[in-house]
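Read the structure below first, then the notes.
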Amino acid sequence: MSKIITSENVSVYYGKQRAINNINLDFNVHNITALIGPSGSGKSTYLRCLNRMNDLINNVTVSGSIKLNGKDIFSPQMDIVNLRKTVGMVFQQPIPFPFSIYENVAYGLRLNGIKEKKILDVRIEKALRQSALWEEVKDSLHDNGFSLSGGQQQRLCIARVLAVEPEVVLLDEPTSALDPISSAQIEDTLVSLKNEFTFIIVTHNMQQASRISDWTAFFLDGKLEEYSATKKLFLNPDKEKTSDYLNGKFG
Amino acid sequence: MNAKTSNKVATAVIYSFVGIVVLLLFFLIGYILVNGIPYISWHFLTSPSQSFLAGGGIRDQLFNSIYLLILTLIISVPIALGSGIYLAEYAPDNVITKLIKTAIEVLSSLPSVVVGLFGYLLFVIKFGFGFSILTGAIALTFFNLPLLTRNIEESINDVPDLQREAGLSLGISRWRTMVKIVLPSALPGILTGIILSAGRAFGEAAALIYTSGQSAPIVNYSNFNIFSQSSFLNPMRPAETLAVHIWKLNTEGVTPDAHSISNGSSAVLIIVILLFNLGARVIGNAIYRKITSGRRG
Amino acid sequence: MGKNNLGAETIMIPREEIAIETKKIDVYYGSNKAISNASLAFPRFKISALIGASGSGKSTFLRSLNRMNDGIATVKGEIMYRSTNINSVKVNVYQVRKHIGMVFQRPNPFARSIRNNITFALKEHGIHGEDELNKRVEESLRAAALWDEVKDSLDKSALSLSGGQAQRLCIARSIALKPDILLLDEPASALDPVSTSKIETTLRELKKKYTIIIVTHNMQQASRLSDYTAFFHMGKVVEYGQTNNIFTSPRANITEKYISGNFG
Amino acid sequence: MNNIKKELNMASKETRQDSIGRFISYFCITIIGVLVISIIYFITSRGLTMFFANHVKLSDFLLKTTWNPGTLDSHGKPEVGALPMIVTSFSVTILSAILATPFAIAVALFMTEYADKRGAKLLQSVIELLVGIPSVIYGYIGLSVVVPMIRHIYGGTGFGILAGTIVLFVMILPTITSLTVDSLRAVPQHYRQVSLSLGATKWQTIYKLILRVGTPGILTAIIFGMARAFGEALAVQMVIGNAAIMPKNLVSVASTLTSQLTTGIGNTVLGTFANNALWSLALVLLIMSLLFNTLVRIVGNKGAVKNERKNKQ
């Protein structure tokens, strides 16, 4: 199976403190990979390396190499703007902009200089359908994004990312602020889209990881403790710590 | 222009605009200080001004400014304190409170010349105070009140509610809780606000031209009888302040060395205001440290 | 009557001397009813715990007992203390609070010295003698089990204390006024386990002289500490009784669910 | 026991303290209320005297261009056309706002989006110092630097709208800047992250998102700046030339409402017609100030509606 992202010896420092330590992790294309682990284990920090969102935080240094389709994302030739277009991100809290639903999804498209209404309409409908929101909002595209419920807002944020047509979508605990029904809807959305996109999802919810992911990486204390196919990891983990965590002994 | 080029252009424009603003400030302060400091001497600070001769000083104007400022603070701080406490502690959430807040906003946005003219109309003419330090102090109070009140209200609101609850739960009255517990905690913020407002009042001229007047009669600095016409402490005498003096020198132009005196006076004014600015920071921090025993946060 | 249908009449009244009693208390935030029909009687020199999920109204109820809800919420009904309805506007709220002290969730010492934290309210209430003040400082700090830790630094700022120490200082500050009743609103929820256990020990000691009512979200704490427990759910008192009975044989389904950790 | 019961029902020292405290604070706030009402009342009644007692037509006052309240024209009517002052006041206000806004936004963006904490703090002090400089000093520098410069470049006296605009530009810059900073700081930090994660450049994020979300706040800032410019008296008076005639161009002498007032009030006697005419100018100032205030309120409310929606979720 082809790898879309490969990472070697990735370490992250906050000031002098090492947050994650020598992570080697590759991601298969058109799969869902879950990153699990207790809070503070470094899974979110690692995720934010993949589209260089850590660049935005002062005092953070990243070492090691991460390659997207074979190209080093830290090399000076790498255009960070293009990187983020290829590797989109959905955050923990739903963060719609205070614009209309339409304009929220159009935001990323307009950044790319797409102005023609016809193209916009088509792309926006496609993205909203992909995120399973179209039926609910097609008659109210010009309402403010905040008029939606929390779960709808998160799907709007997913649509906003999908509209840019990224190859990889990073999701940082996308359902932790949502009710069970909305969470299930988002999980369904991800599963139904995995033939078109590669998803990497950080979650503290082990059931969620086991339900939707193909691969699971277990992080502990800034290290990658174990990484394998989800079934294998959940049913027959190699390490005792993994099994302890999965059985709720800590975390 | 593509996104990256426009990003670069915008960044360059923003940086250069910021550079211009910073240079502007340095130019302004530098200009005043470079041109003014050579004129500042002991003689300049301690001799009376001259109308038609060169070589006058700014003794009376400087004193008037300080005296006026002190009077203003004596009048305005208690009123602002009471009003700030009202807004932070007692104001019910209703139409009247909204009206009062609107009134304070209106007052803060009134041109100072309008405030000065009102003072002139009511106190100089109607109440017959004439051009006097007292009238000037009242006009400056009007000008000072809204900002000071809002500052005090905000400083009080910044004190965590827990402190208030602690006082109330010990059976202490709301008023004493406010005065003895909340106000001391709010003091750094309040003091900073007062000092900054003092700086503003010290440089204000428009509200004073027709209230404290434009003349500085010779006064006797050893006469401490505040009711005596010649006493320097008499609040009912007209008193030209430093800021008004600068304005007058430059609009009437009968003093031969108006330019030099203006330069010197401006420098004195700026230095005093810089000191106020610095003082606000230093004192605010010092009090904060004292109250919290050196813990920041 | 099924297990689900517990009404107000099934809520027991302790057969002991009652320190304070509420009769059909309703509390409103604006038009929003937060507590309805709460009738509870708290026995003297006992610790009573109020438990329930967050939002169940237990803190709101507690704050009504010494009128800390004045100006925040509307409290209807009677609160009988010393055969006076202290929920009446005619009653002097400051006297109420002097006799019914309160300690809050987050430690809130005044930004003054440790000594001053205790003497401040005493002075406000007219106690001025240097000896008397010193005596009260020591007494109350001893009672709050803080004396040994701070006796050499009484003039240091109270803000230099750790969270647990600050909370015990707040308890000392309250009991220095020699109240009748001490209300505690999740006093240990912001503290580490060691500080928590110190506070629990302190409270056990204090109940010899004071009536204590404590709100806690920690059921172990309630079962360890209290003599009586009231379970609040969605603004109502579902069940009230001796702590043992509540934890071993709750009468309402919902209580059982709560104490076995099914929600909340 | 009965003792406590008695105490519970008695008014105490605390109750008395509270009444006193309440009285003091109510008293203070009343002073402010009465003050604002009397300012509005006195200025209005003085300002209207010319129209009611001296029967000047409002249209003459607002539309005629000759201001000479001391004398009568050929029809025996006094000449109180305030249009030159009104035009000049608006000109300097609008021009200085146009000039100051880009600088203010640039500085505000620098402080909120580009600079680190230290840089932002440093610039904050620059802004605070600019606010602190008294207006006579701005006027004085205008008089001794800006006016000669204009004279050198454009000829003429150097006094006029251009000089006034430049002086006001510097004066309102800090006002607009600090309020703009506030409104940009109010834009949630994570909006920026989301935008960047969608592949926006920094400038795209600023231009398409932050400035858009912050628009009501920025507008408010500009209106506040304009209000300050419109009401500023001495600094403008020192550089505008003080001739109550229609300005021919940006470098010809003119007079604003405020400068006419400051020069005029001292030279007229209260109660005379010439004096009444000046009070009418003061009334215009008052009305404009109230208008700016209302405008701020309207724009602010629009922003608030948006925020409310935000909070609902």
Side-chain angles (χ1 to χ4, degrees), chain B residues 85-98 152-192 283-297, chain C residues 30 62-63 65-72 92-114 116-126 153 155-161 166 169-179 182-185 190:
Chain B
I85 292 176
Y86 171 83
L87 288 174
E89 181 71 17
Y90 293 109
D93 191 13
N94 61 18
V95 187
I96 295 174
T97 306
K98 261 192 198 147
I152 290 172
E153 183 200 350
E154 279 167 16
S155 303
I156 291 176
N157 280 336
D158 281 348
V159 177
D161 248 354
L162 279 169
Q163 291 282 314
R164 207 161 301 165
E165 289 193 325
L168 291 178
S169 75
L170 292 168
I172 298 165
S173 63
R174 267 170 99 176
W175 177 251
R176 293 289 286 181
T177 304
M178 175 53 67
V179 173
K180 298 295 263 190
I181 295 167
V182 179
L183 274 188
S185 296
L187 199 59
I190 294 177
L191 222 66
T192 309
I283 293 178
N285 281 337
I287 292 193
Y288 188 89
R289 268 202 304 278
K290 190 166 175 243
I291 284 183
T292 59
S293 303
R295 284 216 328 191
R296 258 267 175 220
Chain C
L62 188 80
R63 293 168 60 92
L65 295 180
N66 69 340
R67 302 263 305 265
M68 285 302 282
N69 278 336
D70 278 23
I72 301 169
N92 186 329
V93 58
Y94 301 114
Q95 291 298 330
V96 169
R97 293 181 188 146
K98 217 154 86 181
H99 295 295
I100 308 179
M102 187 163 208
V103 174
F104 298 84
Q105 184 169 6
R106 300 237 321 269
N108 53 355
F110 301 132
R112 299 159 167 259
S113 71
I114 294 171
N116 238 315
N117 257 278
I118 293 171
T119 56
F120 171 66
L122 293 173
K123 286 184 191 158
E124 286 292 313
H125 291 305
S153 52
D155 293 308
K156 270 200 187 158
S157 165
L159 299 184
S160 61
L161 296 176
L169 177 63
C170 292
I171 294 177
R173 183 173 66 185
S174 268
I175 55 185
L177 287 174
K178 303 199 167 154
L182 200 55
L183 310 176
L184 300 112
D185 189 0

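A, B, ... follow the sequence lines: proteins, then strands. Residue 1 opens every chain.
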Might you point out which heavy atoms bring [X] and [Y] nearest each other, and give the distance in Å?
X       : Y       : value
L177(C) : L170(B) : CD1-O, 3.3 Å
N108(C) : L162(B) : ND2-O, 2.8 Å
L168(B) : R97(C)  : O-CD, 2.9 Å
Y94(C)  : R174(B) : OH-N, 3.4 Å
F110(C) : A166(B) : CE2-CB, 3.6 Å
S169(B) : F104(C) : OG-CE1, 3.6 Å

Region of [X] in contact with chain B, defined by heavy-atom distances below 4.5 Å:
X       : answer
R67(C)  : neither
M102(C) : both
P109(C) : backbone
H125(C) : side chain

message = Just verifying a value: how many Å separate K123(C) NZ and I172(B) CD1, rounded to the nearest 0.5 Å?
response =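 Output value for this atom pair is 11.5 Å.
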
ask   = With distance as the sole test, does E165(B) use its side chain to make a donor-acceptor pair with the main-chain N or O of V103(C) at under 3.5 Å?
value =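 Such a contact is absent between E165(B) side chain and V103(C) backbone.
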
message = Is it true that, when you exclude I72(C) itself, more than 12 heavy atoms of the residues, nucleotides or ligands shown sit nearer than 6.0 Å to its CD1?
response =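 More than 12 within 6.0 Å, yes.
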
